[in-house]
Amino acid sequence: MSRNAPSAPHLTAADQPNLWLPYTQMQTAPFPVEAVSTSGSRITLADGRELVDGVAAWWTACHGYSHPHIREALVRQAERMPHVMFGGMVHEPAIRLAARLAAMLPGDLERVFFTDSGSVAMEVAIKMAVQYHINRGTEGRTKILSFRGGYHGDTLGMMSICDPEEGMHSLFAGVLPEQVLADLPVDADSLARLEALLTERGDSIAAMVTEPLVQGAGGMLFHDPEVLRRLRELCDRHGILLILDEIFTGFGRTGTMFACGQAGIVPDIVALSKALTGGTMALAATVARRHVFEAFLSESAGHALMHGPTFMANPLACAVANASLDLFETEPRLEQVAAISAQLERELEPCRMLPGVKDVRVLGAIGVVELETLDDPDALRRAFVEHGVWIRPFRNIVYLTPAFTITSEELTHLTTAIMDVLRERA
């Protein structure tokens, strides 16, 4: 153990002298483990232990850690041009990445606006949607409709469209702008309620926002592709833009390159991040269809999209993202996802028989064991570390989102640890 990571069990995260950790009650959370290196699906800790990573660095490291092709692209670009401003200046890595994303995405999703995080990509998406209506002379469409169970980031704008009952952002209720919240139309009753809501309030709504197929941080909640087709039809009928948050689901996680492809629909705007760079650099993109972009074209400077992050289209990140896309083209990622999905189905299903397990579900390279209750996720996390795996339960779920390159033996190590720890907990 390094001198900066004391191991005494009474220490808490607050004893880390300078850091403030995310989603952490620093006074009570245990002292964090310290990572010193990564490779493939493995994390090596400062005390020499090696963990199999079950969450791929918050769902990002789809090719595993330290893939040589990505590392080489990073080094080449660092030697040439680590960064340059994107205001009035462009560069080849961004031009090439934008063209490749436009070619991969369905329909005429062709205008790519780069940012540096998923939350900001979604902020840009809703800003685009509201200004789209303003630029076209449509008055009153200022609200965003989102769905219960949804999560879209932690910035103020995104907190306003997350599920307020989810709890993470409830303290800010008096600060956030009021938006429109609905249930996903997963059955006839919820569809009828959404249709009634749109009949009553549709002319005030600029855009409808959802995570396609999987509401991630809301509890890994799955829904059928038919739900997305219903949303597309309702948006078309009521003149509302459809924004899909593919930050988690994009780049193969659900079994297809983009989750919207399973529904055969084209959103008006899509947000991408996480696996965009294979978990190596911070980068995100908001991609708009042609008609959305054209609403910003004018002789008036006031019709332009007035947004521009300082590190927008960072050349290092764009070079790494291009290398990540190379791997999707040259290595069998979707076939690997299908194999992971089948193995998760087989090896997590026995968890259904354990006391306290409410549900087991799998979609692509996402495996979920939902518990009746989970009172102490930190204790469960520590137990997983003792079993040689890095799994980060939250809410009432234990989940796996491994790298697509994980070996079958490593994946079995993860699923076995879940079975063993949950059995011990029972």
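Remember, predicted model here, so these are calculated numbers, not experimental data.
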Practice task
State whether the side chain of R395 and the backbone N or O of G218 hold a donor-acceptor pair below 3.5 Å, judged by distance alone.
Solution key: yes

Practice task
Kindly indicate, with the supporting measurements, whether the criterion side-chain hydrogen bond (donor to acceptor under 3.5 Å, both in side chains) is fulfilled by T28 and Q25.
Solution key: CA-CA 6 Å; T28 59; Q25 174 44 260; 5.0 Å; no

Completion exercise
Exactly one of Y23, W58, Y399 clears ring pair (Phe, Tyr, Trp, His ring centres under 6.0 Å) with F394, and that residue is Y399

Handout entry: Candidate pair L414 and T416, rule side chain to side chain contact (heavy atoms under 4.5 Å, CB included), full reasoning
Key = CA-CA 5 Å; L414 290 166; T416 300; over 6 Å; no

Practice task
Please identify each residue that fulfils ring pair (Phe, Tyr, Trp, His ring centres under 6.0 Å) with F222, with sequence neighbours left out.
Solution key: none

Handout entry: Atom pair CD1 (I391) and OG1 (T401), whose distance is rounded to the nearest 0.5 Å
Key = 10.0 Å

Practice task
Report, as yes or no, whether the 6.0 Å neighbourhood of atom CE on M26 holds more than 12 heavy atoms from other residues, nucleotides or ligands.
Solution key: yes

Exercise for the section: Would you please say whether a donor-acceptor pair under 3.5 Å links the side chains of T249 and E246? Expected result: yes

Exercise for the section: Work out which heavy atom in C351 is nearest to a heavy atom in I418; give both atom names and the distance. Expected result: SG-CG2, 4.0 Å

Handout entry: T142 side chain vs A206 backbone, donor-acceptor pair below 3.5 Å
Key = no

Practice task
Given side chain to side chain contact (heavy atoms under 4.5 Å, CB included), test V357 with E370 step by step and report yes or no.
Solution key: CA-CA 6 Å; V357 171; E370 182 178 355; over 6 Å; no

Exercise for the section: For T280, check side chain to side chain donor-acceptor pair (under 3.5 Å) against everything at least two apart and list the hits. Expected result: none

Exercise for the section: Check the pair F251 / F258 against ring pair (Phe, Tyr, Trp, His ring centres under 6.0 Å), numbers first and verdict last. Expected result: CA-CA 6 Å; F251 304 103; F258 302 101; 5.3 Å; yes

Problem - Qualifying salt bridge (charged side-chain N to carboxylate O under 4.0 Å, His left out) pairs, either residue in residues 141-150, two or more places apart - result: R148-D183

Problem - Residue pair T12 / Q27, side-chain donor-acceptor N/O under 3.5 Å - result: no

Exercise for the section: Mind checking the CD1-SG spacing from I240 to C235? Nearest 0.5 Å is all I need. Expected result: 5.5 Å

Fill in the blank from the handout: Applied to residues 66-77, the salt bridge (charged side-chain N to carboxylate O under 4.0 Å, His left out) test, sequence neighbours excluded, yields none

Practice task
Kindly write out the residues that satisfy side chain to side chain donor-acceptor pair (under 3.5 Å) with H291, not counting sequence neighbours, or none if the list is empty.
Solution key: D268

Handout entry: Donor-acceptor under 3.5 Å (R232 side chain, V266 main chain)
Key = yes

Problem - Atom pair CE (M128) and CE (M122), whose distance is rounded to the nearest 0.5 Å - result: 11.5 Å

Practice task
Name all pairs fulfilling the salt bridge (charged side-chain N to carboxylate O under 4.0 Å, His left out) condition that reach into residues 298-309, sequence neighbours left out, sorted by first residue then second.
Solution key: none

Handout entry: Residue pair Q131 / A304: nearest heavy atoms and the distance that separates them
Key = NE2-O, 2.8 Å

Handout entry: Smallest separation among heavy atoms of P402 and R253, with atom names
Key = O-NH1, 2.9 Å

Handout entry: Stepwise side chain to side chain contact (heavy atoms under 4.5 Å, CB included) check, L305 with V124
Key = CA-CA 9 Å; L305 178 63; V124 170; 4.3 Å; yes

Handout entry: T415 versus Q343, side-chain donor and acceptor atoms under 3.5 Å
Key = no

Exercise for the section: Examine distances only and state if a side-chain atom of S39 and a backbone atom of R42 form a donor-acceptor pair shorter than 3.5 Å. Expected result: no

Practice task
For F113, check ring pair (Phe, Tyr, Trp, His ring centres under 6.0 Å) against everything at least two apart and list the hits.
Solution key: none

Exercise for the section: For the pair T24 (side chain) and P22 (backbone), establish whether a donor and an acceptor sit closer than 3.5 Å, ignoring hydrogens and angles. Expected result: yes

Practice task
Return each pair, listed once, that meets ring pair (Phe, Tyr, Trp, His ring centres under 6.0 Å) where at least one residue sits in residues 304-335; pairs must be two or more places apart or across chains.
Solution key: H63-F328, H83-F311

Problem - Positive for side chain to side chain contact (heavy atoms under 4.5 Å, CB included) with N322, one of T277, I70, L97 - result: L97

Exercise for the section: Find the distance between CG (L11) and CG (D15) and round it off to the nearest 0.5 Å. Expected result: 4.5 Å

Problem - Pairing residues for Q336 by the side chain to side chain donor-acceptor pair (under 3.5 Å) criterion, not counting sequence neighbours - result: R333

Practice task
Using a cut-off of 6.0 Å, state whether more than 12 heavy atoms not belonging to E178 lie near its atom CD.
Solution key: no

Exercise for the section: In plain terms, say whether E233 and R237 are close enough for a salt bridge, that is, a side-chain N and a carboxylate O under 4.0 Å apart. Expected result: yes

Problem - Shortest non-hydrogen contact between F147 and V209, atoms and distance - result: CD1-O, 3.3 Å

Exercise for the section: Carefully, step by step, assess M208 and L198 under the rule side chain to side chain contact (heavy atoms under 4.5 Å, CB included). Expected result: CA-CA 11 Å; M208 182 184 292; L198 292 175; 4.1 Å; yes

Handout entry: Gap separating the CD1 atom of I366 from the CG atom of L400, nearest 0.5 angstrom
Key = 11.0 Å

Handout entry: Any pair counted as salt bridge (charged side-chain N to carboxylate O under 4.0 Å, His left out), so long as it reaches residues 111-140, sequence neighbours left out
Key = none

Handout entry: Under 3.5 Å side-chain donor-acceptor pair for Q215 and E211
Key = no

Exercise for the section: For the pair D376 (side chain) and A379 (backbone), establish whether a donor and an acceptor sit closer than 3.5 Å, ignoring hydrogens and angles. Expected result: yes

Exercise for the section: May I ask you to decide if A295's main-chain N or O and N135's side chain share a donor-acceptor pair within less than 3.5 Å? Expected result: yes

Exercise for the section: Would you kindly say whether D245 and Y151 are connected by a side-chain donor-acceptor distance under 3.5 Å? Expected result: no

Practice task
To the nearest 0.5 Å, tell me how far L242 CG sits from I265 CD1.
Solution key: 5.5 Å

Handout entry: R346: partners by side chain to side chain donor-acceptor pair (under 3.5 Å), with sequence neighbours left out
Key = none

Exercise for the section: Could you tell me which non-hydrogen atom of L181 sits nearest to which non-hydrogen atom of P164, and how far apart they are? Expected result: CD2-CD, 3.4 Å

Exercise for the section: For the pair Q77 (side chain) and M81 (backbone), establish whether a donor and an acceptor sit closer than 3.5 Å, ignoring hydrogens and angles. Expected result: yes

Exercise for the section: Kindly say whether M158 contributes a backbone atom to a donor-acceptor pair with the side chain of H152 at under 3.5 angstrom? Expected result: no

Problem - Sidechain-backbone polar pair: T60 side chain, K274 backbone, donor-acceptor under 3.5 Å - result: no

Problem - Donor-acceptor pair between D326 and H69 side chains, under 3.5 angstrom - result: yes

Fill in the blank from the handout: Closest heavy-atom pair, G64 versus T405, reported as atoms and distance to 0.1 Å, is N-OG1, 3.5 Å

Practice task
Tell me yes or no: between the side chains of T412 and E409, is some donor less than 3.5 Å from an acceptor?
Solution key: no

Practice task
Applying ring pair (Phe, Tyr, Trp, His ring centres under 6.0 Å), name anything that partners H91, two or more places apart in sequence or on another chain.
Solution key: F86

